[in-house]
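Single-structure report; data block below.
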Protein chains: 2
Amino acid sequence: MNTPSIAHGAGALEPVRPLAHLLWRDSLALMKQFVPFTQRKVRVNEEVYVCGKPFDTLHLISSGLFKIVNLVPDGREQPAGFFFKGDWLGFDGIPTGSHTCSAMALDMGELWSVRYDILLRASVGEPQLMRLVMAAISSQLARHRDVSLSMGTLSADARVADFILHWALSLEERGMRTDEIDLHLSRAEIGSYLGVRSESVSRALSRLKGTGIIQFQESSHRVIRIPSLDGLREFVQRSTEPSR
Amino acid sequence: MNTPSIAHGAGALEPVRPLAHLLWRDSLALMKQFVPFTQRKVRVNEEVYVCGKPFDTLHLISSGLFKIVNLVPDGREQPAGFFFKGDWLGFDGIPTGSHTCSAMALDMGELWSVRYDILLRASVGEPQLMRLVMAAISSQLARHRDVSLSMGTLSADARVADFILHWALSLEERGMRTDEIDLHLSRAEIGSYLGVRSESVSRALSRLKGTGIIQFQESSHRVIRIPSLDGLREFVQRSTEPSR
DNA sequence: CGTAAATTTGATACGTTTCAACCCTCGTGG
DNA sequence: CCACGAGGGTTGAAACGTATCAAATTTACG
């Protein structure tokens, strides 16, 4: 039962080039080198694709900030993920061939779009490409596991802190400034993502401000200053294991 | 900037065979036909792979029931997913090359294991294979989004009901009986997965039993009888949109 | 069979939601 | 230029649901 007639990969395997730690950089580099893509500029609140529409292309974020949103039966929409430079958008359409989420730009940005068919073709000639896309999807899986875990175990304050920490770490990974970050999100959106109400997010942020872990910018309370990333990190870690 | 020198997939594209609705069946069929795999039988509570160990192989569930578990800092472990015949295990190791979860059998079962390298190779000759694996990962992503949504918006009772419903639907998809299902899980494990305490799961199940939506089997309270799947489905839907 | 573990159920404590009032900013139009 | 209204944000008080603690009961297993 365990002897397929086709003998593809049965021979000796030479070692494969490992993927670098910085997935986002590899994605952009490999895409530019090996895949024919179309560029697309997007404005604030512009939709990349819409829930229910047929899926046929993936989008690599070249710059900007994006979210995907679930439509809950009530008609309201709930953010289900946030994405930065080098992240991929559109995987939700793969299983069924139709998108099960919408994707939207949180500020202006640019996408490199490629037909899914074409990407699969291209990856035949460049196996590293497929490893990369697999790694990108799997990373999103891992991130979701983290969020589920934090939603299941942390208090509202800790969830908000953890959310900001992850956001800042994503920016840091990409070489962007982390001492002052613009979330482009309302309290209600943050809460919807974390499974708490907007008032609770507001209270959590106020308490975090009280401890000095974060500060608000004068003009917009959506811009958060983080004096010390390590301070934030320690707060989250303390919240994760209060009982030892 | 958008003219890669390599011309892989630039030509006309013939239509690709669509993946059938039943992913699990395709996975088993394609695997058997095109990939050299090794069989492995597992006993109850046997570990498939362990968190922290290097990753190099994926496992397709040929029979049985499995869970993956996260290790939370406290030392306790938290289930992060449940998997059935035709599902894949091991994706968590792809991004970093090391497993970030452990996988464990909930009862006896069988796995078809394949080195990740070899699978990628095999998919060069059989592109449908790669579409399939991508669809499998993306499905896990979609499932995680569902769970996050339910953890963020539903009451404990509704979460438990939703959990059982999904479990039953997974079994139904695979042609297994759904009128009496054995979860092989303690109340604490269910609660840990859903983000509530074991006592709350117990209460939720008691209340569901009270409404007649489910019943317990005499001998083991881990075996749940579902007189009407539609009844359960309606209950979950009512819980999803209480307002209006 | 006896002991440890799991489950159920109750009473209370705690945290988040809900409802409400108020403030602030910003864009619009008088 | 300022008045005005709308939407987002902050904060308070009460209601609600779940966690926590505890005890009784059942089940699992050597």
Side-chain angles (χ1 to χ4, degrees), chain A residues 44-45 72 74 76-79 106 150-164 182-211 214-224 239 242-244, chain B residues 43-45 72 74 76-79 106-107 150-164 182-211 214-224 239 242-244:
Chain A
V44 183
N45 290 335
V72 291
D74 313 30
R76 293 172 300 108
E77 51 185 33
Q78 178 182 44
L106 286 174
S150 106
M151 280 184 40
T153 59
L154 301 185
S155 69
D157 286 22
R159 282 188 226 183
V160 171
D162 187 58
F163 171 73
I164 295 174
D182 188 345
L183 300 175
H184 293 267
L185 296 171
S186 69
R187 305 299 191 238
E189 283 179 298
I190 297 171
S192 188
Y193 179 65
L194 297 175
V196 296
R197 298 276 121 184
S198 70
E199 294 93 330
S200 294
V201 175
S202 184
R203 285 184 235 270
L205 288 172
S206 293
R207 281 188 285 260
L208 286 173
K209 188 178 69 167
T211 66
I214 65 167
Q215 302 165 342
F216 293 157
Q217 189 192 271
E218 288 310 310
S219 51
S220 167
H221 278 199
R222 297 188 181 184
V223 178
I224 289 171
S239 312
S243 53
R244 194 126 6 276
Chain B
R43 288 184 307 279
V44 184
N45 290 335
V72 291
D74 313 30
R76 293 172 299 109
E77 51 186 33
Q78 178 182 44
L106 286 175
D107 65 354
S150 106
M151 280 183 43
T153 60
L154 300 185
S155 69
D157 286 20
R159 281 188 227 183
V160 171
D162 187 58
F163 171 73
I164 296 174
D182 188 345
L183 299 175
H184 293 266
L185 295 171
S186 69
R187 306 299 191 237
E189 283 179 298
I190 297 171
S192 188
Y193 179 64
L194 297 175
V196 297
R197 297 278 121 179
S198 69
E199 296 93 329
S200 295
V201 175
S202 182
R203 284 184 235 272
L205 289 172
S206 295
R207 280 189 285 260
L208 286 174
K209 189 179 68 169
T211 67
I214 66 167
Q215 302 165 343
F216 293 157
Q217 188 192 273
E218 288 309 311
S219 52
S220 167
H221 277 201
R222 297 189 180 184
V223 178
I224 288 172
S239 311
S243 53
R244 180 165 8 299

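These figures come from a predicted structure and were not determined experimentally. Below, all heavy atoms of this structure are taken into account, side chains as well, without hydrogens, waters or symmetry copies.
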Using side-chain contact (heavy atoms from CB on, under 4.5 Å) as the criterion, point out the one residue from Leu208(A), Leu183(A), Asp182(A) that pairs with Ile224(A). Leu183(A)
For dA6(C), does OP1 or OP2 lie under 4.0 Å from any side-chain N or O of His221(B)? no
In whole angstrom, give the distance that lies between atom CZ of Phe216(A) and atom P of dC23(C). 19 Å
Can you tell me if the side-chain N/O atoms of Ser200(B) get under 4.0 Å from OP1 or OP2 in dG17(D)? no
Out of dT16(C), dT20(D), dT11(D), which has the shortest distance to the side chain of Ser206(A)? dT11(D)
How is Arg159(A) classified with respect to the nucleic acid when contacts are heavy atoms under 4.0 Å: base, sugar-phosphate, or nothing? nothing
Atom-to-atom span, NE2 of His184(B) to P of dT7(C) - whole angstrom: 14 Å
Does Arg222(B) place a side-chain N or O at less than 4.0 Å from the phosphate oxygens OP1/OP2 of dA6(C)? no
From NZ of Lys209(A) over to C1' of dT10(D), roughly how many Å is that when rounded to an integer? 9 Å
Closest to the side chain of Arg203(A), out of dG8(D), dG12(D), dT18(D), is dG12(D)
Consider the side chain of Ser186(B), meaning its heavy atoms from C-beta on, and name the nucleotide among dT17(C), dG9(D), dT7(C) that approaches it most closely. dT7(C)
Which part of the nucleic acid does Ser155(B) contact within heavy-atom distance under 4.0 Å: base, sugar-phosphate only, or nothing? sugar-phosphate
Remember a base hit wins even if backbone is also touched, and classify Gly191(A) as base, sugar-phosphate or nothing at under 4.0 Å, heavy atoms. nothing
Could you check if a side-chain atom of Arg222(A) sits within less than 4.5 angstrom of a side-chain atom of His184(A), using non-hydrogen atoms only? no
Side-chain touch Phe163(B)/Leu185(B), heavy atoms, less than 4.5 angstrom: yes
Separation between CD1 of Ile190(A) and CG of Leu205(A), rounded to the nearest 0.5 Å: 6.0 Å
Picking from dT9(C), dT7(C), dT11(D), which would you name as closest to the side chain of Glu199(B)? dT9(C)
Whole angstrom value for the distance that separates P of dA6(C) from CG of Leu183(B): 16 Å
Closest-nucleotide ordering on DNA chain C, the 5'-leading residue of Ser198(A) and Leu185(B): Leu185(B)
Can you find a side chain N or O atom of Arg187(B) that sits less than 4.0 Å from OP1 or OP2 on dT8(C)? yes
Atom CG of Asp157(B) to atom P of dA19(D): distance rounded to whole Å? 11 Å
Can you tell if the side chain of Phe216(B) reaches within under 4.5 Å of the side chain of Val223(B), non-hydrogen atoms only? no
Atom CG of Leu208(A) to atom C1' of dT10(D): distance rounded to whole Å? 15 Å
Could you give the distance from NE2 (His221(A)) to OG (Ser186(A)), rounded to the nearest 0.5 Å? 14.5 Å
What's the CZ-C1' distance between Arg197(B) and dA13(C), to the nearest Å? 15 Å
From CG of Leu194(B) over to C1' of dT18(D), roughly how many Å is that when rounded to an integer? 14 Å
Look at all strands and tell whether Arg207(B) reaches a base, only sugar-phosphate, or nothing, counting heavy atoms closer than 4.0 Å. nothing
